[in-house]
Amino acid sequence: MIKYAWLLLLGAFSAQAAVYKCEQNGVAEFSQFSCSGDAETVDMRPLGTAMPGTRGEYKQQVDALKRQSRFVEFQISSLEQQKQQDVEALKSELYKLRRSFPKAEELVVLQQKIDRTEQLYNEKIAAEKASLAGLKLKVGSLERQYAQN
């Protein structure tokens with residue numbers, strides 16, 4: 001129990017420590033100590049967890065979340081296009097199979113494959129949409145925090 005208390009205490013102090021970014025020989029290094037006079041302080045807080053600070057910090061976090069949202073929207077669009085292409089290819093295969101006097105089992109198997117493909121893509125798209133909704137909630141929350149300060 002005491003070990004956990006120490007870990008919690010150390011974690012609280014380490015969360016407040018400054019992190020510096022220095023470039024030496026073209027390599028970016030991160031350290032808790034400033035390596036030179038031109039070291040840049042880096043905010044290591046997770047996105048969506050803005051603490052009361054400057055307007056720039058809020059704006060930076062809101063902008064980062066909006067960029068993530070646009071990327072997720074792009075992923076959703078890509079998944080929808082890929083779904084359409086894959087399903088159309090399977091339906092084309094089904095059409096060709098029907099013209100060649102197939103067995104009933106072959107048609108059933110191919111139709112099940114089409115249904116599974118649609119279901120898998122729908123699940124992936126639903127997960128991405130849920131992720132997008134969460135990002136939009138974070139953006140709204142940060143914008144409200146920004147407006148209050």
Side-chain angles (χ1 to χ4, degrees), residues 4 7-8 10-32 34-35 38-149:
Y4 295 117
L7 286 174
L8 183 62
L10 290 174
F13 285 117
S14 66
Q16 299 299 322
V19 176
Y20 297 95
K21 177 183 175 186
C22 303
E23 286 206 28
Q24 294 179 345
N25 300 329
V27 176
E29 295 179 5
F30 296 90
S31 173
Q32 65 184 9
S34 176
C35 54
D38 63 342
E40 176 183 341
T41 305
V42 179
D43 184 10
M44 298 301 288
R45 291 179 293 201
L47 290 175
T49 58
M51 303 300 279
T54 65
R55 292 177 184 254
E57 289 176 349
Y58 282 110
K59 180 161 177 32
Q60 183 180 16
Q61 289 191 359
V62 168
D63 289 345
L65 286 171
K66 286 182 178 180
R67 280 192 303 275
Q68 274 186 320
S69 296
R70 286 191 299 272
F71 180 71
V72 171
E73 288 171 348
F74 170 76
Q75 287 179 315
I76 291 170
S77 173
S78 295
L79 281 171
E80 288 173 344
Q81 288 176 349
Q82 192 174 2
K83 171 189 168 185
Q84 185 178 7
Q85 289 173 351
D86 290 352
V87 169
E88 288 300 320
L90 288 170
K91 286 182 178 179
S92 174
E93 189 178 326
L94 180 64
Y95 177 74
K96 289 176 186 175
L97 184 64
R98 282 187 177 146
R99 293 183 65 200
S100 66
F101 305 107
K103 296 179 182 175
E105 305 88 45
E106 293 174 331
L107 291 173
V108 170
V109 168
L110 193 52
Q111 185 60 49
Q112 288 174 346
K113 188 174 181 180
I114 291 170
D115 294 341
R116 272 194 315 271
T117 301
E118 285 182 329
Q119 181 182 4
L120 288 174
Y121 275 110
N122 288 340
E123 289 172 1
K124 288 178 185 178
I125 290 169
E128 292 295 328
K129 286 183 177 180
S131 172
L132 181 61
L135 287 171
K136 287 184 178 184
L137 284 174
K138 284 182 182 179
V139 167
S141 173
L142 280 174
E143 287 175 337
R144 282 191 298 280
Q145 283 181 359
Y146 173 72
Q148 288 174 355
N149 292 332

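This structure is a prediction, so every number in the text was calculated from the model and none was measured.
With sequence neighbours left out, Gln112 forms a side-chain hydrogen bond (donor to acceptor under 3.5 Å, both in side chains) with no residue at all. Evaluation of the side-chain contact (heavy atoms from CB on, under 4.5 Å) rule for Glu105 yields Lys103 as partners, not counting sequence neighbours.
Of all heavy-atom pairs spanning Leu132 and Ser69, the tightest one is CD1-O, 3.5 Å. Residue Leu94 comes nearest to Gln111 through the heavy atom pair CD2-OE1, 3.4 Å, listed as atom of the first residue, atom of the second, then distance.
Using a 4.5 Å heavy-atom threshold, the side chains of Glu128 and Ile125 count as separate. Contact check for Arg99 versus Lys96: no side-chain heavy atoms found under the 4.5 Å cut-off.
In Gln84, the CD atom is not crowded: 12 or fewer heavy atoms of neighbouring residues, nucleotides or ligands sit closer than 6.0 Å.
For residues 70-87, every residue pair satisfying the salt bridge (charged side-chain N to carboxylate O under 4.0 Å, His left out) rule, not counting sequence neighbours, is listed here: Glu73-Lys136.
Judged purely by atom type and a 3.5 angstrom limit, Ser131 has no side-chain atom pairing as donor or acceptor with the backbone of Ala127.
Between Lys59 and Asp63 there is a salt bridge, since at least one side-chain N of the basic residue sits less than 4.0 Å from a carboxylate O of the acidic one.
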Is there a side chain to side chain contact (heavy atoms under 4.5 Å, CB included) between Gln68 and Leu65 once you walk through the steps? CA-CA 5 Å; Gln68 274 186 320; Leu65 286 171; 3.5 Å; yes
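In this structure, CD on Gln61 lies 10.5 Å from NZ on Lys138, to the nearest 0.5 angstrom.
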